[in-house]
Amino acid sequence: MTAYIIRRLLFLIFVLFGVSVLIFGLLMTFSPERRAAVYVTTPQQAKDIPKLVKQYGLNDPVPIQYARWVKEVASGNLGWSLVAARPVAKAFWSYFPTTLELNLLASPLVIIVGIWLGTLAGVHRDTWIDHGTRIGAIVGWSLPTFLFALVLLMIFYGYYGLFPPGIISSDTSLWVINNPDKFTRYTGMYTIDGILNGHLWVTWDALNHLVLPVLTQVIVVVALLMRVMRSGMLEELSRDYVITAKAKGADAHTINIKHARKNALIPVITVAGQLVALSMEGSIAVEVVFSRQGMGWWLAHSATQLDMPVLMSVCMFIGVVFVLSNLIIDIMYAYIDPRIQLQ
Amino acid sequence: MAKLLETKNLVTNFYTYEGSVKALDNVSISIDHGETFGLVGESGCGKSVTVRSVMRIIQSPGVIEGGEVLYCDDAEHPEQCEDLLIKSEEAMRELRGDRISMIFQEPNAALNPVLTIGEQVAESYMFHRQRSMSRQILADVESGKISFGIFSPLLKWAYRRASENPRAPALRLMSKLPLLKLWGRPMRREAVNRSVGIIERLGISNAAELVTRYPHNLSGGMKQRIVIAIALACNPTLLIADEATSNLDVTIQAQILELLQDLKERRAISSVLLITHDLGVVAETCDRVGVMYAGILCEVADVKTLFNNPVHPYTRALLNSVPRFCVEGELATIEGSVPNLVHPPAGCRFHPRCKAASDICKQEKPKLVDLGNGHSVACHHIDEKIGE
Amino acid sequence: MRKLVMLLLAFSLLLAACGEKPEMKKKAEKTPATETKTAAQVGSNDKFILESYGTLRTLDPACGYDSVSHMRIMNIYEPLIFFDGSATDKFIPVLATEVPSLENGGISDGGKTYTFKIRKGVKFHKGGELTAEDVAYSIKRHMVVDQEGGPMWMMLEALVGVPSTRKDGKIREGVFEKIDKAVEVKGDEVVMHLPKPFPPFLAVLAYSYGGIIMDKEWCVENGCWDGTVENAAKYNNPAFGSEPLHKIENGTAPYYMLKWEPSVEFIFERFDDYWGPKPAIKTGIVRYNQEWSSRKLALQNGDADRVLVDPQYLAEVENMPGVTIHPVPQLSVTGAIFCQKINPEANPNIGSGKLDGKGIPVDFFSDIHVRKAFLHAFDRKTYAKDVWNDQVVMPTSPNAKGLPYYKQVPVYEFDLEKAAEEMKQAFGGQIWEKGFKMVITHNTGNDQREAAAHMLAENIMSLNPKFNIEVRNMDWKDYVVAYRKYQFPMFIIGWGADFPDPDNFMFTFMSSDGVYGKFSAYKNEEVDRLCKEGRFEVDPAKRKDIYERLQDIWYEDAVGCMVYQKVDHFTYRDNVKGFVPHPMLDHEWESLKLLSK
Amino acid sequence: MEATLPTKKEHPRWRELKFTLYRIFRNPSAILGFSLLLFFLGVAVAAPHLAPPKFEHAPYQMPHKGYSPTPKPPSAANIFGTSSGQYDIYYGIVWGARTAFKIGLFVVGFAGIIGISLGVIAGYFGGWFDELLMRFVDIVWSIPLLVLAMTIVVAFGRGLENIMLALALVEWRWYVRVIRSEVIKLRGQEFVEAAKLMGVSDIKIIFRHILPNSIYPVLIMASMDMGSMVISASFMSFVGLGAPKGYADWGQMVALARNYIVGPPDDPLKFWYTIFFPGISIILFVLAWNLIGDALRDAFDPKLRRR
C-alpha cells in the first residue's frame, strides 16, 4: 500500500513535468511581443512593448525560458496574475476556498442524490420512475450549464429577489472586516468560519448565496452518476448471487441495498475521476454566472485576458488535484472491492 | 410415503425479443418425504427453470403462467398442502432458505464478491432464526455468559421483544436510529457463530477464520461448500441441488455427494431434489428419477426401473450415450439438436429427433401415462416399447 | 429531487409570466444579519456601493496608469491641485494652499518655474504630518520608479525633458541628478524647475499620474527609494507587481483602504483625521461584477447605488424607475486609421498583397481616393443613432470636443455614389475594375468599434460586387501587437486624454512620431513641424493657429475616419447626490467625498 | 413475427445488426432522437434555401439591418426577432444548424480517427509505442477537458475554428483509452489467436476481427460527443473565446444573449426570443444525440441486451 502511494506520488511528479512542458509549449506559440503585451492595459502603454520583451527576456531560446520558469516556480514564484492583481501563488489561496466550499456542499448532495436515484431507477426498471429519472438525466446532460445557471439566476434573483449572486452580502463582509477580533477567517470559507467563530448568521448568509450555485452544480454532475449507478444496478441485479440471496429468503430491500448496491458502487468509483473533472468544469460556469471568485472564475477570466502564467499554474494545480483525487479513488476502490489489492 | 412437494402442470414462459420461450410445458413431478429425486436432461431442457419456478425465483423476463406447486410440510397430515404459487411473497420469503433451500451450480457467481463468507452464511439465520437466536442471547445473559454492562436493561427488553416478534415495529424503528441500531450487534455475532458451526459441520477445520474472508480468497470446492452451508443453515425440509457438483473435480464431487447422503441420514434434511446431467451421479444417489426434454417431462421412474427398463425413446438415447465400462463399441449419439423453444415442434417435442416418430407424434402432444410402480412415460408409442 | 426542481422551475416561470412579481424588498432588510449586527449597520445612508468590472492593477501612484487604479488612488491619496468642478483648465488647491499662476507669482521664469505653497496640518492615514519635504520626495520618487509601461513619461517630459529614465534598456546618464535638481524645497514651499515651458503641466499634476503626495518616512520604511541619487537606479523600473506600494497605502485623502480583495471588492472607509470637511459617505464599496444582467439586477433591486453601464445596455436602464443617468462626454476619441504601408510579411489581412482582385497592395491606402471612398462610406448619422442612441459626440478630427482650439472641420458626408466615384479614380481605375479583398479587424468585446467595422465593410462591399471585405476580431493584446507591426490595413482604436491638451491628441494621431501616426505610416512634413512647435508654444494665439491648421490637414489629407467621441453614462440610484462630471474622468471614476445619500 | 425471425441463411453479423436496430427502434426515446436529428439535418442541408445569404462568400455571417444594440421582437421581417446588433435570429438558427453539425462532425471525426488509429495500434501491438502513448495520455488526462481546451484556444487565438481544433485535440484521449482497452480484451481471445496462428496478416485481423468487435463503445461515445461538444463549444463562447458577434453559431448567440436574459423591470421577459431560440436549438440538438447515444448503449450493451 505504502509502496503504491509512493509510486503514485512519483507519477504525480512525472505528470506535473509533462503538463508544464505541454502548457509551456502552448505559451511559446505566442510571439514575444504578444507575451509582453500581457503587461499592457492602455493604448498609451503599448509603446513600451519592445522594452518589456527585453526586460523579461521573452526573446531568449525556449529551453532557457523554460529553465528560468522552472527555477522561478521552484522558488515559489508562479508568476503574476493580472486578474487577481497579485502573485499567482497568493491569489490561489484566496480563490481556492471558494471553490472548495462550493464542492464541499455540492459533492455530498451529488453522491447521495445520484446513488439514490440511480438505485431507484435500477430497481424499478422500466417503470415510470426509471423513465422519469432517465429522461431527467438526459435532459440535464443536454443543458448547457451556464444557460441553466442564468435561468435560475433570472428566476430566483431577478423576480423574487432571493438567493443573490456573489459569495456573501456586503453588509456581512463589511462586518467581518470591521470585527477582526470577533471573526477569524480560519478556512476562508464563510460557512465554516461562521460556525468556527460561533456567528451562525454569517454561515446562514453564505449559505443563502450558495443555494443556486450548489443546485446548478448538483444537477450538472448528478446525471452521470445516476446513469452509471442505474446500469450498475441493472447488471448486478441480474447476477446469480442475487438469486442466492433470494433463495435464502432475503427481502427486496436487503437484496437491493446490501447485495446489489454495494457491487454496483464499484463501477461508480471508476467514474469518480470523471466526476471530479466534471465538478471542476461545472465550477467554471457556476462561478462565472454567480460571480463567485473561485478557481473556475479565475480560470475563465484569465482565459479571456489571455493570461498564460495563470492558465499554466492552474493547469498544474488541477493536475495535482486530479492525480491526488484519483489516488484517493483508488484507495476507496480497494476498500469497497475486496478483490482489488493495490500494489 | 407421504408427498412433500408436487408440481402439477407447471407452465413457465420467457418473453424475449425473438418471442416467448415456452420453457416449461405442463411439468408435473412429485417428491416424497425422505426421498432423493433426480432430475436429468440435456442442458437447456428446463431443469433449473422447474426448480426456480418451484421456489418462485424466476427472474424477468420469465413468468410462471400456470399450474400448481403443492407443498406438504407435515408428513403426518398430507391433506394440509399449500399451493406455493398463490402464497404471498412475504410468506414465500419465510419459506425460502428455511424449509426449501437451494444449492447453485456456479459457486463463483452464487456468492456475493463484496461480502464476507460469514456475512453471507449468517444471513440465513438473520432471516429465519431471529427468534431462537434472541432466546439464546437472553439465556446467555441470564446465565452470565455475556453481559452488556449498563445497556443490559435496554438490550434485554429488545431481545425479549425479538424473541416474541422479531418484526415488531419498535425494533424496526430502533434499527433505523443511530446508536440504538447497534442493538442488533449481539444477534449478528450469534448468527456468525452459528455460521461457523454449520461450516465446521461440513468438514472445514478453520471455519472461524474462514468467515472473515471474501469469496475470491477461496478455492472452488471451498466455495461450493459455503454455498451448501448457506442452503443447509436452517435445516431445510427440501434441499434442491441445482447441478451442485457439475463444475467440480471428481474427488470433491464425491465428497460433496457423500456429505449430502450423510446429512440426509442424520435427518438434517428430509428430501433432496438433485438436478444433474450426470447419469452416474443419479444412479448412485437417487431413489427416483425424472427425465426432462425441451421443457417437458418425458419419463419418471424409480432409479432401477429407469436404468433397466427405460421406455421413452429419449431416455433410451440418453442412456445409450453414457460410456460404460462393460460395453464396447461406439457411443450412440442423438441426432439433431435441441429445438428452439420459441417455436417448439408441434405434437411431441422430441419427434424431430425420434427414430420411432410417427404421424401422431407430429400432431398430438403425448400425455404422461402411469405404467404402475410410479413409472410414468409421455410417449405415443409406449406399448411397442415396454416389451423390448 | 430533479422533479421537484423542474416543478419549481415551471412554477416560478409561470408566476413570472403572469406578472405576479412579488414585492421586492431590499435584501439588507431581510438577512438575519441585520438583527445581530450593530457596528456596521448604522443605517445605510452612509454607505455607497458601486458595481463595476474594471480590474485594479496597482495602488502604487508611480505605476498605476489606468482609470481603475486612478480612481482608487485618487480616493486614498491627494495631489497638490485638482480640477475645479468640470473644468479641464481651472484648478483648485488641494494639498497646496493656492494654485500657482502668473498672477500670484506661482508660475515664473516664463513658465519654467512653478512654486507651490504646502498646506499645514494635513495628516496621513497612518500618522505623520505632511511637510514640503514629503511633497518633493513624492514627485521625485515617482519619476525615479518610472516603471516600463507606466505613466511617468509625462512628468519626466515636463521636468527632465526626456520621456524615460532609460534608453535602450540602460539608464540614461545623469537622469537621476536631473530629477533630484528639478524639485526643490524652500521652507514651506516646493519649487519645480522645468527645462522648457510645458503648458499642460498643471493638468498632469492634477491627475494621479505623477502628482500624488505620500509620506516620505513611511515610504522608505516600506521599501521605497531612500531619497539618494546614488541608490536611485536600484529602485528604477521594478518588475510588474513587485512595486513596493502595490497593495498598501498611506494617503491624506478622506478615505483609507479598509480591504482590497482583488476582483472581489475594494472597500474605502472614512478617515476621521481628515484636514478638510467630513464627507457624508462613511463606507464606499466597489464590487466587482462582470455580468451585466447581474449588475442590472443589483441596480434595480437597490443592492448597488451605482453600476457601470456599457453603452449598448443604456437603453435598458434609461426608463428604470429610481435611477438617474448623467451623460458625460469624455476626452477620448476613437478612429479608424488607415495604414498607408502595410507589412506584407505573413499577413492574412491583405489577401494576395497585390492589385489582382484577390487582395490589396501594401500601399492601398496611400491613394487618397481610396481613403476618401472609405470616409464617404461611413454613415455617421445612422452610426450615432443606432449604436449610441444619439448619445454621442461625433468628432470631426482627433481634437476632441472640449479640448482647447477645438474646431469643427468639414467631414466627408455619407454618400455611396461619391464613394464609388472615388473608388473609380483610385489606382487609375484598376481597383474598380479588378476589385479587392481585405480584412478589417477590430478588438474583441468593443461593440461600438465592431459596428463601425461592419458598417465600413458592408457599405464598401455594396459599391461593387468585386469588393470583398471580411470583418474579424482580435483580442486587445494581440491587436496592440499587430497594429504595431503594420499588419492591419485599417485599425480602429481609441485614445483617452493623458492631459487636456490638443497636443496629446494631434501628436498621437498625426505626427510620424506619434503612436498612431507612426503605425499608420502617414508622413507629412508640415504636420510633424506643427506638432513639434505646438507642444512648446506658450502663446495661446499661436497655438490656436497651429492646432487649427492641424485639424484642417486631418480633413484635407483624409488621414483617418473619426468614429466617435465617447460619452460615459454614470448611472446612479436617485437618492445619491453630489456627482460632478468631468471629461477627463471616465466611468470607472467616482469621487466618494462629494457624494451623499 | 415470422419476418423478423432470423433464418439460418443470414450472415450472423447482419442478423446481429438487425437485432440491434430492432432494439434501438423499439425504444421510443431513440425514435424521438432520430426524428429531432433528421429535422436538424434537414434544416442544415436546406439552409441556403431557407435563409439565402446576403454575401455569397460569407454565408455564416448573419444579415442585419442597422446596428442598434437593443434586440427587436419577432416581426414579419424577422420571424424570430433580432439580437443585439439587429442580427436576424432566424437566419442564425438556420445556419447555426450547419455550424453545430460542423462542430460535432469535426471534433468527433478528428478525435475519433486519431484516437481509434492510435488506440488500435497501441492496444494491438503493445510495446514501447503503447507505453509512450499511454504516458502521454496520462499527462493530458490529468487536466479536465474544458480547462485544457480553454488553454489551447487561448494559445491559438479565439474563434470557432480554434475551439473545434482545441476540443478535438483534447477529446481524442477518450477514444484512445476506450478502444485500447477493448482491443486488449480482444487480443487475448481465442478467435484472434486462432487467426494469428493461421497466418492471417495483422492488418486483416485488425480490420476483420478487432475493429468490428470493439467499435460499439466508440460509436456510443461518438454519438454522445456529437452533442456534448456543441455544449462545450458554447461554453467557450460563453467564457468569451467564441466566434465574433453575428456569426451563425447557437452557442455564441446564447452567450451574447445573456445580457438580455433579464428585461427592463416593467417587462422582465421582454427579450425572451434572444435566448429562447438559440437556447432551445442547442438543447434539442444535444438532446437528440444523447437520446440516440442512450438508445445505442442499451442496444449494444452485451450485459443488458438479451433480455
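Here is how names work: the chains are called A, B, and so on, in the same order as the sequence lines, proteins then strands, and each is numbered from 1.
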(message) Could you tell me if T82(D) and N78(D) have a donor-acceptor pair between their side chains, going purely by distance under 3.5 Å?
(response) no
(request) Under 4.5 Å heavy-atom distance to chain D, tell me which part of L314(C) shows up: side chain, backbone, both or neither. (result) neither
(request) Look at K385(C), M461(C), E318(C) and state which one has the largest set of heavy-atom pairs under 4.5 Å with chain D. (result) M461(C)
(message) Out of K296(C), M320(C), E470(C), return the one with the most heavy atom pairs under 4.5 angstrom to chain D.
(response) K296(C)
(request) Quick one: sort the F101(D) and W289(D) rings into parallel, tilted or perpendicular, breaks at 30° and 60°. (result) perpendicular
(message) Counting the benzene-type ring for Trp, do F277(D) and Y90(D) have ring centres under 6.0 Å apart?
(response) no
(request) For residues W388(C) and Y67(D), establish whether the separation of their ring centroids is below 6.0 Å. (result) no
(message) Between D310(C) and Y53(C), is there a side-chain donor-acceptor contact under 3.5 Å, judged purely by atom types and distance?
(response) yes
(request) Sort Q61(D) into side chain, backbone, both or neither according to what part of it lies under 4.5 angstrom from a heavy atom of chain C. (result) side chain
(request) Examine F80(D) together with Y273(D) and report whether their ring centres are nearer than 6.0 Å. (result) no
(message) What part of H442(C) gets within 4.5 angstrom of chain D, counting heavy atoms only: side chain, backbone, both, or neither?
(response) neither
(message) Counting only non-hydrogen atoms closer than 4.5 Å, does M474(C) touch chain D with its backbone (N, CA, C, O), its side chain (CB onward), both, or neither?
(response) neither
(request) Give, as side chain, backbone, both or neither, the part of F271(D) having an atom under 4.5 angstrom from any heavy atom of chain C. (result) side chain
(message) Please rank L297(C), N468(C), D379(C) by heavy-atom pairs under 4.5 Å with chain D and give me the top one.
(response) N468(C)
